[in-house]
Novice: 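One structure follows; several queries about it will come next.
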There are 2 protein chains.
Amino acid sequence: MRPSKIDDIELVNVLSRVIRTRGYDGASLAELSEASGLKKASLYHRFPNGKTEMTEAVLKHIDNFFDRNLREIAYDENRKVAERLLSVLDNIKEFYENGGLPCIIPALSVGEGYRLFAEQIAQSIDLWTSSFTKLGTDLGFDKAEAGLKARNTLIKIQGALIVANGLQDKEVFKQSIEEIKESYLS
Amino acid sequence: MRPSKIDDIELVNVLSRVIRTRGYDGASLAELSEASGLKKASLYHRFPNGKTEMTEAVLKHIDNFFDRNLREIAYDENRKVAERLLSVLDNIKEFYENGGLPCIIPALSVGEGYRLFAEQIAQSIDLWTSSFTKLGTDLGFDKAEAGLKARNTLIKIQGALIVANGLQDKEVFKQSIEEIKESYLS
DNA sequence: GTCTATAGCTAGATAGAC
DNA sequence: GTCTATCTAGCTATAGAC
């Protein structure tokens with residue numbers, strides 16, 4: 001076995017960046033190849049089903065990230081709930097690079113990406129919703145209100161990423177994260 | 001002059017639907033042709049610069065819509081401000097078909113679309129922001145707060161469209177519009 | 001103004017050498 | 001595991017008849 005030029009985790013991270021910024025349809029194999037340093041045939045060796053499989057790997061990687069850095073923390077009753085909230089919001093800021101890197105959801109919400117990955121998108125939204133609902137109930141909100149707050153949290157994050165990108169202004173995103181904090185803790 | 005199979009307005013509306021749902025990169029000329037009933041060569045007769053020019057026409061058409069149905073109403077001091085707010089929110093619901101039709105912004109926020117239309121996206125956001133800021137100040141909020149509320153209104157609409165699409169649930173969008181109403185009028 | 005036909009290119013994908 | 005070379009299909013775009 002000849003050694004890999006780039007390990008699996010780093011490779012998926014590179015593919016993730018390209019797909020999130022260029023969109024599924026816009027992320028060509030040529031660009032994925034250039035960004036990763038692997039020729040197209042090498043990408044096919046790693047992902048025999050091509051771009052679809054690369055995107056599945058990216059989705060799985062992101063899903064793992066949020067399972068560890070959002071869901072697990074939100075449900076960790078050994079930690080104070082306010083501390084859990086601040087921790088997950090920090091992890092979210094990290095994932096989106098303070099608003100400079102788009103979410104995968106809009107990148108897969110149009111065109112061919114949506115046809116292929118609609119189910120995974122819905123599942124991802126559900127994971128976020130249940131995690132923030134858990135934080136809300138632990139903070140004392142009743143179940144219904146916690147559910148509404150959770151949904152509005154997702155909406156705010158998704159909307160802030162779109163607007164921050166449109167204005168090329170990360171402050172829009174950072175400000176929204178602060179407002180989310182206040183909406184739970186004040 | 002042989003008569004057009006489809007008039008300019010209807011044609012732009014059809015192109016708009018395809019670009020908004022498929023994204024700029026995902027909207028192929030084949031699909032634009034099929035949706036409009038015009039062969040590719042006929043589309044080029046109408047838009048000599050191809051897909052770029054079609055998208056420019058769509059953006060201009062949408063810009064006109066919101067100039068008439070958002071900005072003009074927001075600034076129309078002959079009407080009661082609460083009535084203006086309800087009117088613009090109704091027009092927004094219409095434009096997005098109650099959350100069933102995506103915004104053009106995410107469709108142009110990735111890939112080649114972003115490279116070509118970043119400036120128009122930023123301008124569009126500014127028109128929305130100033131319009132809702134005007135409504136906010138006329139409702140008695142001070143300038144700074146009205147500006148923040150306006151930005152959060154855009155964020156909520158954009159985020160709600162993403163989440164509504166991801167869950168295939170228009171209620172998410174309709175609920176968000178109601179919450180926007182309450183945030184201004186209660 | 002619309003059409004058929006096609007050019008020219010780039011996309012995703014594969015074969016086979018090293 | 002990576003590479004060069006190549007295939008085929010789809011893409012944007014154009015030429016020219018009606």
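Hydrogens, waters and symmetry mates are skipped; everything else that's a heavy atom, side chains included, is used. Each chain gets a letter, A, B and so on, in the order its sequence line appears, and its residues count up from 1.
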Novice: So which nucleotide from dC11(D), dA11(C), dT2(D) ends up closest to the side chain of A30(A)?
Specialist: dA11(C)

Novice: Could you tell me the separation between the CD atom of E31(B) and the P atom of dA9(D), rounded to a whole number of Å?
Specialist: 21 Å

Novice: Taking atom P of dT2(D) as reference, at what distance in whole Å does atom NE2 of H45(A) sit?
Specialist: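 Result: 6 Å.
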
Novice: Do L139(B) and L185(B) pass the side chain to side chain contact (heavy atoms under 4.5 Å, CB included) test, and can you show the C-alpha distance, the side-chain angles, and the key distance before you say yes or no?
Specialist: CA-CA 8 Å; L139(B) 277 162; L185(B) 297 180; 4.0 Å; yes

Novice: Could you give the CD-to-C1' distance, from E112(A) to dC11(D), as a whole number of Å?
Specialist: 14 Å

Novice: Rounded to the nearest Å, what distance is computed from the CG atom of residue D25(A) to the P atom of nucleotide dA11(C)?
Specialist: 13 Å

Novice: Look only at the side chain of R20(A) and the backbone of P102(A), and say whether a donor-acceptor pair between them is shorter than 3.5 Å.
Specialist: yes

Novice: Between dA13(D), dA11(C), dT2(C), which nucleotide has the shortest distance from any of its atoms to the side chain of R46(B)?
Specialist: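 Closest nucleotide among those given: dT2(C).
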
Novice: Between atom NZ in K39(A) and atom P in dT6(D), what is the gap in whole Å?
Specialist: 16 Å

Novice: Examine dA13(D): is either OP1 or OP2 under 4.0 Å from a nitrogen or oxygen in the side chain of Y44(B)? Give yes or no.
Specialist: yes

Novice: Under 4.0 Å, counting only non-hydrogen atoms across every strand here, what does K40(A) touch: a base, just sugar-phosphate, or nothing?
Specialist: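 Here K40(A) touches the bases of the nucleic acid.
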
Novice: Figure out the CD/C1' separation between E34(B) and dG10(D), and round it to whole Å.
Specialist: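 Taking atom C1' of dG10(D) as the reference, CD of E34(B) is at 15 Å.
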
Novice: Rounded to whole Å, please give me the gap between CG in L29(B) and P in dT12(D).
Specialist: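 Spelled out: CG on L29(B) to P on dT12(D) is 4 Å.
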
Novice: Could you check whether S42(A) gets within reach of a base, just the sugar-phosphate, or nothing at all, counting any heavy atom under 4.0 Å?
Specialist: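 Answer is base: heavy atoms of S42(A) come under 4.0 Å of a base.
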
Novice: With a 4.0 Å cutoff (strictly under), does any side-chain N or O of K51(B) reach OP1 or OP2 of dT12(D)?
Specialist: yes

Novice: With a 4.5 Å heavy-atom cut-off, do V110(A) and Y24(B) have their side chains touching?
Specialist: no

Novice: Can you tell me the distance, in whole Å, between the CG atom of N49(A) and the C1' atom of dT14(C)?
Specialist: 13 Å

Novice: Side chains of Y184(A) and T153(A): any donor to acceptor distance under 3.5 Å?
Specialist: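 There is such a pair (donor and acceptor under 3.5 Å, judged by atom type) between the side chains of T153(A) and Y184(A).
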
Novice: By nearest heavy atom, map A41(A) and T52(B) onto DNA chain D; which one lands nearer the 5' end?
Specialist: A41(A)

Novice: Taking only residues two or more places apart in sequence, or in another chain, which ones meet E179(A) in a side chain to side chain donor-acceptor pair (under 3.5 Å)?
Specialist: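 Listed in chain order: K156(A), Q175(A), N152(B).
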
